[in-house]
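Below is one structure; the comments refer to it alone.
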Amino acid sequence: PSYHGIPLSLHYLQQSEAAAAGEEEMLRRGPWTVEEDVLLANYIAANGEGRWNALARRAGLKRTGKSCRLRWLNYLRPDLRRGGMTAEEQLLVLELHARWGNRWSKIAQHLPGRTDNEIKNYWRTRVQRHAKQLRCDVGSQRFRDLVRGLWIPRLLERIHAPAGA
DNA sequence: AAACGGACCAACCGCATAACC
DNA sequence: GGGTTATGCGGTTGGTCCGTT
């Protein structure tokens with residue numbers, strides 16, 4: 001559970017145990033606060049990204065390097081696209097997933113400003129939901145056929161339809 | 001009014017590989 | 001060159017929002 005951005009889970013217990021055992025550090029986890037975002041964004045603006053563990057310490061963040069990297073790549077990076085996927089993007093995801101399977105990172109490289117996490121979430125929620133509605137498995141041949149025969153044509157129609165119509 | 005449930009998403013984990021002494 | 005640390009990936013979880021029962 002968390003409350004107002006402050007995580008209250010057993011991680012804190014683990015951390016106090018670690019502290020009681022004499023290990024300092026007390027790494028935070030869970031949702032990022034705006035203060036943390038500012039620290040991270042400012043540090044990277046000044047010093048660039050990379051060497052995440054050192055970066056975390058030098059930016060004054062009580063986080064793992066891993067957590068900082070994730071936050072930057074998935075949320076703070078300035079060139080991120082926000083908001084729902086366009087029809088073009090959805091089409092690309094469907095096509096590339098058909099070609100490569102769950103290679104989210106590779107797929108994301110072909111959608112500028114989108115992250116692998118976002119695409120993975122899109123697939124798990126939207127695509128799997130449609131599969132469920134159609135009463136078939138996402139991996140099944142039947143579903144692949146439906147994607148090619150129904151979903152993709154519908155997207156193409158939207159893409160080529162007059163804007164705003 | 002409260003409990004429930006699903007959609008959505010941010011963030012975590014474990015593991016594999018890479019990079020670094 | 002082998003052990004250790006760092007990074008990147010994919011799967012999964014847990015929280016919040018919101019509509020429904």
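Naming: A, B, ... by sequence-line order, numbering from 1 per chain.
The side chain of A/Arg69 lies closest to C/dT7 when the candidates are C/dG10, C/dT7, B/dC8. In the set B/dC12, C/dT7, B/dA11, B/dA11 carries the atom at the smallest distance from any side-chain atom of A/Pro31. In the set C/dG10, C/dT7, C/dT12, the nucleotide with an atom closest to the side chain of A/Ser105 is C/dG10. Here the side chain of A/Asn117 is nearest to one of B/dC15, C/dG11, B/dC9, namely C/dG11. Taking every side-chain heavy atom of A/Arg129 into account, B/dC8 is the closest of B/dA11, C/dG8, B/dC8. Checked against B/dC13, C/dC9, B/dC9, the side chain of A/Arg126 finds its nearest nucleotide in B/dC9. The A/Lys66 side chain lies nearest to C/dG8 when the options are B/dA11, C/dG8, C/dG10. Taking every side-chain heavy atom of A/Arg29 into account, B/dC13 is the closest of C/dG11, B/dC13, C/dT12.
The shortest distance between the side-chain N/O atoms of A/Trp123 and the OP1/OP2 oxygens of C/dG10 is not below 4.0 Å. The side chain of A/Thr125 contributes no N or O atom lying less than 4.0 Å from OP1 or OP2 of B/dC9. Side-chain nitrogen and oxygen atoms of A/Asn74 include none within less than 4.0 Å of the OP1 or OP2 phosphate oxygen of B/dA10. Put simply, A/Arg63 has a side-chain N or O that comes within less than 4.0 Å of OP1 or OP2 on B/dC12.
Among residue pairs with one or both ends in residues 77-100 of chain A, those qualifying as ring-ring contact (aromatic ring centres under 6.0 Å, His included) are A/His97-A/Trp104, A/His97-A/Trp123, A/Trp100-A/His110; sequence neighbours excluded.
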A/Val127/A/Tyr122 under side-chain contact (heavy atoms from CB on, under 4.5 Å): CA gap, chis, key distance, verdict: CA-CA 7 Å; A/Val127 179; A/Tyr122 171 77; 3.9 Å; yes

Go through the steps for A/Leu111 and A/Val93 under the test side-chain contact (heavy atoms from CB on, under 4.5 Å), then give the verdict. CA-CA 8 Å; A/Leu111 288 115; A/Val93 170; 3.9 Å; yes

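Across all strands shown, A/Asn121 has heavy atoms under 4.0 Å from base atoms, whether or not it also approaches the sugar-phosphate.
Rounded to whole angstrom, the span from the CZ atom of A/Arg82 across to the C1' atom of B/dA10 amounts to 12 Å. A straight line from CG of A/Asp116 to P of C/dT7 spans 17 Å, rounded to a whole angstrom.
Other residues, nucleotides and ligands place no more than 12 heavy atoms under 6.0 Å from the CZ atom of A/Arg103.
Contact annotation: the side chain of A/Ser105 approaches that of A/Gln109 to within less than 4.5 Å [non-hydrogen atoms, C-beta and beyond].
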